[in-house]
S.K.: 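Sharing a structure, written as structure tokens. Questions coming.
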Amino acid sequence: MRLFMLPPTTAVVALFLWSLLVHLTTETPAGVPKGHGEPLGNHRDSDGHVDILTTLPSPQEFWDKYVSKRRPVLFSGAARSSPGMQLWTDEYMLEKFGDLKVRIEGKHQKEGKYPEGEKGIAQDTLRNVLQTYRTRDVYVVSQIPDPLTEQVAVLPFLTCGTFKDHILESNLWLGGHGTQSQIHKDADNAINCLFSGTKTWIMISQDYEHLLPDVVSSGGYSARATIDPDYVDLIKYPKFSEVPYTHVDMKPGDCLFIPASHWHQVNSHGSKNLAVSIMMSRLKEVDLLECDAVDLDFKPLSEMNMVFTYDGYSEQTMGDMDPFELREQIMKICSGVKELSYSAVYHEFFHKEDEDNEVIDNAIDTKMAKDKSSKQQDLHKMKQIFAILDTDGDNFLSCDEEVLPKLSIETLKKLANIISYDPSNSEEYEFSRMGTEVIRILIEHVINKLSNDKAPKMTKEQFLLRYRAVGGSRPVGSQLYDMMDPSQQGYITRDMVLSKMEDVISLYDNGLHPHHTQNMPWQADIEIPGSLINEVGTKQQWKAQKIRDDL
């Protein structure tokens with residue numbers, strides 16, 4: 001075979017031109033900040049990898065060097081003591097845990113998607129996830145079901161003293177083919193242990209929070225920056241060029257300590273990425289004296305007195321407010337006063353910026369049940385708080401007699417769930433997300449279709465096509481259809497729909513299931529499909545997904 005050879009002089013010229021082209025294409029154009037339009041981390045060089053420890057610290061060392069200083073650290077190989085790291089193959093988890101329910105999100109946090117699962121929007125079974133996660137846009141971000149906790153080992157330095165008493169919850173993370181978070185911070189301290197796949201982290205100290213753009217509170221101490229981690233716009237956000245960061249490269253078996261309020265962005269890699277995190281209180285001080293008197297070792301998570309647990313079937317409490325901090329907050333507002341009014345509680349936990357106490361007090365009596373605005377929902381939550389604490393029903397809380405004596409951990413957990421309730425933790429999320437207006441418009445649309453003599457009947461698949469087009473799921477849509485077709489005739493008519501219309505709509509009233517009366521979930525600002533607008537005269541617009549042509 002003959003090879004094409006350039007003359008020596010021509011080859012030198014070609015090599016020079018090639019190197020010049022590479023230089024020009026990799027050099028940042030004049031006036032354009034380094035890393036503009038590139039993935040996060042290219043705006044400047046990393047300050048280095050976070051500390052890596054190959055031996056675990058004592059509880060006191062962990063506190064002194066890392067927790068108290070809000071300093072992240074990687075514990076190399078620490079997760080290998082968890083039986084789940086070896087046992088949790090897809091086949092094993094399908095057999096042992098397949099019927100357990102988990103909360104799901106989309107793989108890319110910036111898109112804000114909650115996919116459809118076997119139990120509805122944002123709710124799925126582990127069975128369905130394990131059978132589809134490699135090909136579906138789904139990521140388990142869920143409180144860990146209790147049966148799995150027997151196979152998760154708690155690191156020795158967390159098993160004594162203040163640490164053991166302030167383990168709040170544990171979460172399960174499972175996805176495939178790459179997941180990505182936004183830049184965000186969490187309210188609590190966390191230790192994330194990786195069982196499968198790899199993770200890369202960008203870590204940003206809270207000291208530089210003032211340089212982060214478009215920070216949006218997620219409630220409490222949690223927040224996120226809406227900057228796109230795939231395309232960092234340094235023209236729009238020039239100050240971000242000044243943000244220093246460290247990085248983390250995690251491999252299977254590693255555990256990472258993420259301090260409370262420490263900003264971070266995570267990319268997960270591999271066909272299967274599986275991790276477990278343990279959340280701890282934002283501690284200001286610790287008592288670790290008992291730790292010197294015990295032999296510390298790894299301990300099953302199931303044997304720890306974790307504050308929030310999840311049985312795998314009921315509603316989750318993932319992300320609920322730390323009850324220990326809630327106790328401090330309540331004691332603080334009771335300090336120096338004998339009683340608390342509605343207004344005092346409202347300002348402290350929901351809207352500190354509001355100052356019109358008279359308006360708030362009047363709203364409680366006149367508009368609570370009818371007004372579905374965000375503030376009115378918070379007022380409803382406040383009413384639930386009073387229902388727990390106000391034993392004499394006088395709409396005032398006596399600090400010495402009604403409040404302080406009732407601050408048991410169980411009562412605090414109930415209060416925390418009311419204050420920080422997340423509807424995506426339950427199967428009722430779909431009802432709260434859609435609300436009564438959307439479902440009423442859909443039902444009226446169906447009635448109009450069935451009033452046409454050419455199409456007096458509608459099959460389940462035809463109904464599901466319409467229900468899913470307005471953002472609903474197949475499982476819940478099937479539930480609605482079965483309500484309208486109780487005799488299982490295989491179709492619905494106009495009269496059948498009319499007879500069940502209010503029953504169906506009541507499921508979505510204030511976003512609550514009829515049997516779900518303990519919490520008032522958030523109600524989304526839902527917009528309505530254009531093709532339904534023309535039919536029922538509403539001026540709202542739908543933004544969730546493209547409606548099928550025949551809707």
Side-chain angles (χ1 to χ4, degrees), residues 104-106 111-125 128-129 131-132 135-138 424 427-509 511 513 524-551:
I104 56 174
E105 296 181 2
E111 297 174 1
K113 289 183 178 179
Y114 286 101
E116 176 181 323
E118 207 168 46
K119 297 292 185 178
I121 301 297
Q123 300 290 313
D124 211 342
T125 61
N128 192 46
V129 170
Q131 291 173 339
T132 61
T135 58
R136 185 163 64 114
D137 181 12
V138 63
S424 69
E427 291 182 37
E428 276 71 50
Y429 172 62
E430 189 164 327
F431 301 113
S432 69
R433 188 183 77 144
M434 294 179 69
T436 55
E437 278 195 275
V438 172
I439 195 64
R440 185 178 293 276
I441 290 169
L442 174 64
I443 295 299
E444 289 177 355
H445 164 83
V446 170
I447 290 171
N448 288 340
K449 284 284 186 182
L450 293 172
S451 299
N452 187 335
D453 292 338
K454 296 180 180 179
K457 298 179 181 179
M458 184 177 290
T459 66
K460 175 178 279 192
E461 288 304 316
Q462 290 172 329
F463 175 77
L464 289 177
L465 183 71
R466 289 162 171 79
Y467 183 71
R468 297 185 74 191
V470 296
S473 70
R474 187 177 187 90
V476 174
S478 296
Q479 174 187 340
L480 302 184
Y481 186 89
D482 291 343
M483 287 176 63
M484 295 182 288
D485 181 22
S487 301
Q488 298 183 338
Q489 298 183 51
Y491 61 84
I492 53 176
T493 64
R494 177 181 180 276
D495 290 342
M496 293 164 69
V497 176
L498 282 171
S499 68
K500 297 293 183 179
M501 178 176 178
E502 293 307 319
D503 291 340
V504 168
I505 292 173
S506 70
L507 294 172
Y508 299 79
D509 185 23
H513 189 280
D525 183 17
I526 293 294
E527 297 176 319
I528 311 301
S531 56
L532 296 184
I533 292 173
N534 297 331
E535 200 164 327
V536 298
T538 178
K539 294 183 179 179
Q540 294 179 328
Q541 296 181 342
W542 178 252
K543 63 183 178 183
Q545 58 180 305
K546 186 178 180 181
I547 307 302
R548 297 201 180 248
D549 293 337
D550 66 340
L551 188 62

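Here, residue 1 is the first one in the sequence, and each next residue gets the next number. Atom set for the values below is all heavy atoms of this structure, side chains included, hydrogens, waters and symmetry mates excluded.
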S.K.: Name all residues meeting the salt bridge (Lys or Arg N to Asp or Glu O under 4.0 Å) criterion together with E118; count only those two or more places apart in sequence or in a different chain, and write none if there are none.
M.R.: none
S.K.: Quick check: closest heavy atoms across M496 and Q489, and the distance to 0.1 Å?
M.R.: CE-NE2, 4.1 Å
S.K.: Which residues satisfy the salt bridge (Lys or Arg N to Asp or Glu O under 4.0 Å) test with K460, sequence neighbours excluded?
M.R.: D482
S.K.: So do the side chains of L480 and I439 get within less than 4.5 Å of each other, counting heavy atoms only?
M.R.: yes
S.K.: Given side chain to side chain contact (heavy atoms under 4.5 Å, CB included), test K449 with Q462 step by step and report yes or no.
M.R.: CA-CA 11 Å; K449 284 284 186 182; Q462 290 172 329; over 6 Å; no
S.K.: Taking the side chain as every heavy atom from C-beta outward, state whether V497 and M458 have any atom pair closer than 4.5 Å.
M.R.: no
S.K.: Would you sort out whether F463 and V446 count as a side chain to side chain contact (heavy atoms under 4.5 Å, CB included), showing the intermediate values?
M.R.: CA-CA 8 Å; F463 175 77; V446 170; 4.1 Å; yes
S.K.: side-chain hydrogen bond (donor to acceptor under 3.5 Å, both in side chains) with T132: which residues, sequence neighbours excluded?
M.R.: R136
S.K.: Find the distance between CZ (R466) and CD1 (I443) and round it off to the nearest 0.5 Å.
M.R.: 11.5 Å
S.K.: Side chains of L464 and Y481, heavy atoms from C-beta outward: is any pair under 4.5 Å?
M.R.: no
S.K.: Can you name the side-chain hydrogen bond (donor to acceptor under 3.5 Å, both in side chains) partners of Q488, sequence neighbours left out?
M.R.: none
S.K.: Start with the C-alpha gap between Y114 and E105, add the side-chain angles, then the distance that decides, and say whether side chain to side chain contact (heavy atoms under 4.5 Å, CB included) holds.
M.R.: CA-CA 5 Å; Y114 286 101; E105 296 181 2; 3.9 Å; yes
S.K.: Taking all non-hydrogen atoms of both residues into account, name the closest pair between A122 and Y429 and its distance.
M.R.: CB-CD2, 3.9 Å
S.K.: Find out whether M484 and M501 are in side-chain contact, i.e. whether some heavy atom of one side chain is under 4.5 Å from a heavy atom of the other.
M.R.: no
S.K.: If you compare all heavy atoms of P115 against all heavy atoms of D137, which two are closest, and at what distance to 0.1 Å?
M.R.: CG-O, 3.4 Å
S.K.: Is there a side-chain contact between K500 and I492, using heavy atoms and a 4.5 Å cut-off?
M.R.: no
S.K.: What are the two closest heavy atoms between E116 and P475, and how far apart are they?
M.R.: OE2-CD, 3.6 Å
S.K.: Could you grab the distance from atom CG of L507 to atom CD of E502, nearest 0.5 Å is fine?
M.R.: 11.5 Å
S.K.: For T436 versus Y508, what's the shortest heavy-atom pair and its separation?
M.R.: CG2-O, 3.2 Å
S.K.: Quick check for you: to the nearest 0.5 Å, what is the distance between E461 atom CD and L465 atom CG?
M.R.: 8.5 Å
S.K.: Going from CD1 on I447 to CG on D495, what distance comes out if it is rounded to the nearest 0.5 angstrom?
M.R.: 9.5 Å
S.K.: With sequence neighbours left out, write down each residue that passes side-chain hydrogen bond (donor to acceptor under 3.5 Å, both in side chains) with D485, or none if nothing qualifies.
M.R.: none
S.K.: Is there a side chain to side chain contact (heavy atoms under 4.5 Å, CB included) between F431 and V476? Walk through the geometry before answering.
M.R.: CA-CA 9 Å; F431 301 113; V476 174; 4.0 Å; yes
S.K.: Under the side-chain hydrogen bond (donor to acceptor under 3.5 Å, both in side chains) test, which residues partner Q123, sequence neighbours left out?
M.R.: none
S.K.: Flag the pair L442 / V438 as yes when at least one side-chain heavy-atom distance between them is below 4.5 Å, and no otherwise.
M.R.: no
S.K.: Applying salt bridge (Lys or Arg N to Asp or Glu O under 4.0 Å), name anything that partners R494, two or more places apart in sequence or on another chain.
M.R.: none
